[in-house]
J.: 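Dumping the structure here so I can ask a few things about it.
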Amino acid sequence: MAILIENMVLPHSQLRIPRWSAPRQGLYGIVGPNGSGKSQFFSVLMRTLKPRLGKVSIENCRIGCVMQHPEHQLTEATVRDEMLWPFSRKQQVDHRFQNQLADVIQRWDLEVHWQQSPWTLSTGQKRRLILAVYDLLNPDVLLLDEPSEGLDGEWKKRLATWLTTRAGTRLTLITSHDWPWLLSFVGTGFWCEKTLDASPKDLGQLWYSHQLPTVNPLEQLWRELLNRNAPVSWRGWIDAEVALGQVVTLWKSVQNQ
Amino acid sequence: MEVSAKSINPLVLLQALILGILFIFVSHTLWVLAMELFLLLLTHYVLRVHITRGEGIGLVVGPVLWTALAYVNHQHGTALSAPQDGLRFLAALWLSILIIHMTSPSMMMHHLERRFKQWFGRRTIIGQVALMALLVMRYLPQLWITAKRVNADVRMRLQLVGGSGRWKDKIRFLTPLIMISIMHSDRIAEAIWARGWRPGQMPVVAPWTKRDTVITVTLWTIFLISWKALI
Amino acid sequence: MDIIFDHVVVRYDTGKMALGPVNLVVHGGECVFVTGPNGGGKTTLARLLSGILIPVSGELRMGDGIVRSEWPPDYVGWIQQEPEHQVVGANILGDVNLSSLWHASSYRQSVARTRQALKDTGLEPLGARAAETLSGGELHLAAIAAIMAQHAQVLVVDEPETMLDASGQLRVEKMLQALNEQGKTLFVISHNRIWGRLADRHLWVQDGKVEEMDQNGAAQRLADDWMTFCDGLQAITDRPFESCEVSQIGKLIWPF
């Protein structure tokens with residue numbers, strides 16, 4: 001499997017990628033401000049967008065994508081057909097496939113919706129359906145565009161757990177504005193703003209070093225503490241309990257001095 | 001909208017478009033056609049119009065196809081008539097592209113809506129037709145992009161199972177297109193109403209100027225004289 | 001101008017109660033933060049204010065007695081959760097222009113409105129971009145620009161954080177603050193209490209019922225991370241905070 005991008009310029013966002021080579025496997029964030037070209041980058045990998053300039057080489061690579069709008073991936077009358085249409089009848093009766101299918105249905109809690117039209121599902125349920133489709137198809141490279149949108153807290157946790165367990169066997173690239181969710185399970189990421197970084201960096205460091213303005217007070221407090229060199233971790237703010245633990249330790253150390 | 005002529009009233013440009021296309025399609029003399037193409041080239045460079053890649057491809061592919069169709073039909077019976085038809089199509093397409101670069105079609109629509117409402121009263125049907133035209137301009141490209149995304153998904157799924165696909169896979173994009181159109185139409189209608197659109201309201205557009213009158217009169221004079229002299 | 005909800009009741013087509021009865025007076029120029037669980041009736045309240053829904057009983061009217069159906073078409077601006085339905089122009093400039101040419105009283109004014117809205121939202125460089133090529137966040141800002149050009153007196157903003165990154169959210173927050181200072185009435189609907197800091201009043205909407213409470217009451221009901229953090233810190237440090245100010249807490253725990 002090899003994905004190599006050289007001297008590429010994308011239309012509209014004007015994102016430039018001098019050279020980017022996909023890692024073999026692992027979980028990576030593709031992060032940056034609105035309109036920087038993250039979704040367009042995925043479109044190039046899916047071959048739905050031609051770059052304005054440059055070369056994209058994708059070899060021996062089985063790619064799957066969960067798009068930002070799950071409606072763009074629903075073509076069938078029932079959830080069952082949506083899951084099964086790519087597979088031949090012969091593949092469907094295979095015992096191993098049946099077991100895999102049962103696992104996937106259980107993982108994404110789709111049994112109750114099995115005969116339902118995908119169009120009658122809520123946004124979160126539609127997204128779970130498409131995640132289940134690509135779980136079953138098991139690609140080498142999985143692209144996820146804002147996958148946490150429409151999912152509640154419990155499902156966001158379950159998605160993070162599933163992605164983490166598969167990190168050793170596939171490459172997963174995730175774009176998301178949901179920093180706390182992304183930081184909770186993704187170690188490194190590529191920064192995307194005018195240009196896409198060639199090598200991944202710690203996601204916590206990316207969050208801190210790019211000084212994105214924020215409206216979350218816990219995030220503001222953390223940035224203030226880090227700016228004043230307080231000994232707290234980059235990711236402490238994503239969970240109120242963890243944050244409290246770190247801050248109390250800090251406070252006690254100050255009291256003892 | 002990179003051209004300096006953008007302040008010309010869109011209705012003047014609409015007239016130029018209609019008269020121009022009419023003239024191009026009735027001019028069967030080769031030298032008149034050559035002159036039309038030269039004038040288009042001159043306008044293109046004087047106004048410094050930058051055409052998009054898609055428009056450029058259209059300007060090449062469209063006339064070639066038109067020539068082929070004209071040749072197959074043998075309407076004029078001579079070998080030269082088919083390329084001449086193709087060139088005429090090229091001229092009409094080029095003129096349309098130049099006009100669209102000078103003003104947006106939606107601006108033409110707003111001006112037309114206002115004019116019709118002035119002439120026939122604030123009839124609901126006029127407002128509705130204008131809005132429909134606006135929605136077509138907005139959502140047709142959107143549907144095209146949706147179809148591309150659905151096809152990409154279908155292609156990826158087939159690749160992942162190692163299948164080559166059946167004829168049915170080529171038209172899978174139709175279901176989401178229809179469902180998205182149905183499901184979104186209510187919400188679009190709500191949004192437009194909430195934005196304060198009403199069928200009877202009069203859009204505020206740039207006023208007609210003396211310069212527009214002068215250009216319109218000149219346009220018609222040139223058209224009528226050329227028609228009389230050349231056609 | 002005040003907005004009066006007088007025993008307003010809204011039902012779904014099935015006859016089930018969607019909202020109400022609501023009795024509420026919102027004074028002109030107030031900023032109201034509307035929050036509560038999913039499906040509780042918040043968006044129904046937005047649709048009611050926008051004139052999409054009509055109450056089955058009761059009355060929504062202005063302080064001078066004019067009922068909702070007779071309000072001027074541009075009186076209420078509704079910034080929706082899903083901007084792709086709201087942006088109906090072929091490109092950003094065309095879409096913002098629509099609001100101006102539908103509602104301005106002269107051409108000169110319509111040009112000025114469009115220009116100002118694009119400037120305030122930072123979308124001037126993207127004016128010619130076709131709507132279908134915009135990212136979710138850009139589309140959301142375009143929808144906001146169009147509503148700004150409408151010059152509505154009442155703004156209903158539904159989940160402004162959905163598609164925007166932090167920079168976009170800050171920009172929207174500043175714009176809403178400026179509009180409120182100009183005397184516009186704002187209804188900000190969100191699960192995220194950060195928007196509550198703009199507000200003069202806080203409403204909790206659940207099971208169709210509207211309950212007014214103070215800022216802390218709404219925040220605590222939202223089981224917000226920041227409130228949990230502040231409460232926990234107060235308990236452990238035994239230092240009552242006057243307010244949960246970031247800088248105050250920052251200095252307390254790391255005064256160097």
Side-chain angles (χ1 to χ4, degrees), chain A residues 11-12 39-40 42-50 52-53 58 60-78 81-92 94 97 117-121 123 126 130 133-143 145 170, chain B residues 1-2 50-58 60-61 101 104 135 138-191:
Chain A
H12 310 308
S39 298
Q40 281 194 327
F42 278 5
S43 299
V44 168
L45 297 182
M46 285 190 287
R47 297 182 185 282
T48 52
L49 180 74
K50 277 189 187 160
R52 218 158 56 81
L53 294 170
I58 300 174
N60 303 324
C61 202
R62 299 166 67 249
I63 297 182
C65 179
V66 177
M67 300 178 191
Q68 197 171 351
H69 298 285
E71 288 90 354
H72 293 156
Q73 299 184 272
L74 302 176
T75 61
E76 299 306 300
T78 63
D81 292 346
E82 197 61 63
M83 295 276 298
L84 296 178
W85 76 256
F87 300 96
S88 65
R89 279 181 202 285
K90 201 176 151 195
Q91 283 170 312
Q92 284 183 33
D94 179 69
F97 176 82
S117 162
W119 295 94
T120 60
L121 301 176
T123 310
K126 282 178 190 159
I130 301 302
V133 165
Y134 280 99
D135 184 0
L136 192 62
L137 290 165
N138 195 24
D140 305 328
V141 178
L142 182 60
L143 313 174
D145 196 354
R170 76 160 64 112
Chain B
M1 293 255 226
E2 63 278 8
H50 300 292
I51 59 169
T52 64
R53 192 164 165 263
E55 288 165 349
I57 292 170
V60 176
V61 175
H101 275 260
S104 68
L135 293 180
R138 160 75 172 94
Y139 288 101
L140 264 189
Q142 186 75 56
L143 288 179
W144 170 253
I145 285 182
T146 302
K148 267 172 74 175
R149 286 188 183 144
V150 178
N151 281 336
D153 180 58
V154 169
R155 204 180 55 239
M156 282 189 297
R157 290 203 214 182
L158 287 173
Q159 192 212 7
L160 288 170
V161 295
S164 54
R166 293 164 293 166
W167 67 269
K168 199 185 163 190
D169 298 328
K170 305 274 181 217
I171 54 164
R172 277 188 199 275
F173 71 91
L174 286 175
T175 311
L177 283 202
I178 294 164
M179 291 306 292
I180 287 173
S181 305
I182 292 169
M183 289 174 74
H184 289 196
S185 59
D186 265 5
R187 289 151 112 179
I188 293 166
E190 271 186 8

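A quick note: this is a predicted structure, and the numbers were derived from the prediction, not measured.
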J.: For the side chain of B:R155 and the backbone of A:M46, is there at least one donor-acceptor N/O pair under 3.5 Å apart?
T.: yes
J.: So which of B:M183, B:R149, B:R157 has the biggest tally of heavy-atom pairs under 4.5 Å with chain A?
T.: B:R157
J.: On a heavy-atom basis, which atom in A:W85 and which in B:R166 lie closest, and how many Å separate them?
T.: O-NH2, 4.1 Å
J.: What pair of heavy atoms forms the shortest contact from B:Q159 to A:C61, and how long is it?
T.: NE2-O, 3.1 Å
J.: Can you see which heavy atom on A:E76 is nearest to which on B:K168, and at what distance?
T.: OE1-NZ, 4.3 Å
J.: I want to check something: taking the side chain as every heavy atom from C-beta on, are B:R53 and A:R52 in contact at a cut-off of under 4.5 Å?
T.: no
J.: Select one option (side chain, backbone, both, neither) describing which atoms of B:N151 are under 4.5 Å from chain A's heavy atoms.
T.: neither
J.: Taking every non-hydrogen pair under 4.5 Å, which of B:D153, B:T175, B:L174 racks up the most with chain A?
T.: B:D153
J.: For A:P86 versus B:V161, what's the shortest heavy-atom pair and its separation?
T.: O-CG2, 3.4 Å
J.: When only pairs under 4.5 Å are counted, which of A:N138, A:L49, A:L137 shares the most heavy-atom pairs with chain B?
T.: A:L137
J.: Ignoring hydrogens, what is the shortest heavy-atom contact between B:L160 and A:G64? Give both atom names and the distance.
T.: CD1-CA, 4.3 Å
J.: Check whether any side-chain heavy atom of A:L74 sits under 4.5 Å from a side-chain heavy atom of B:M179, and report yes or no.
T.: no
J.: As an exercise, state the distance from CG of B:L177 to NE2 of A:H72, rounded to the nearest 0.5 Å.
T.: 9.0 Å
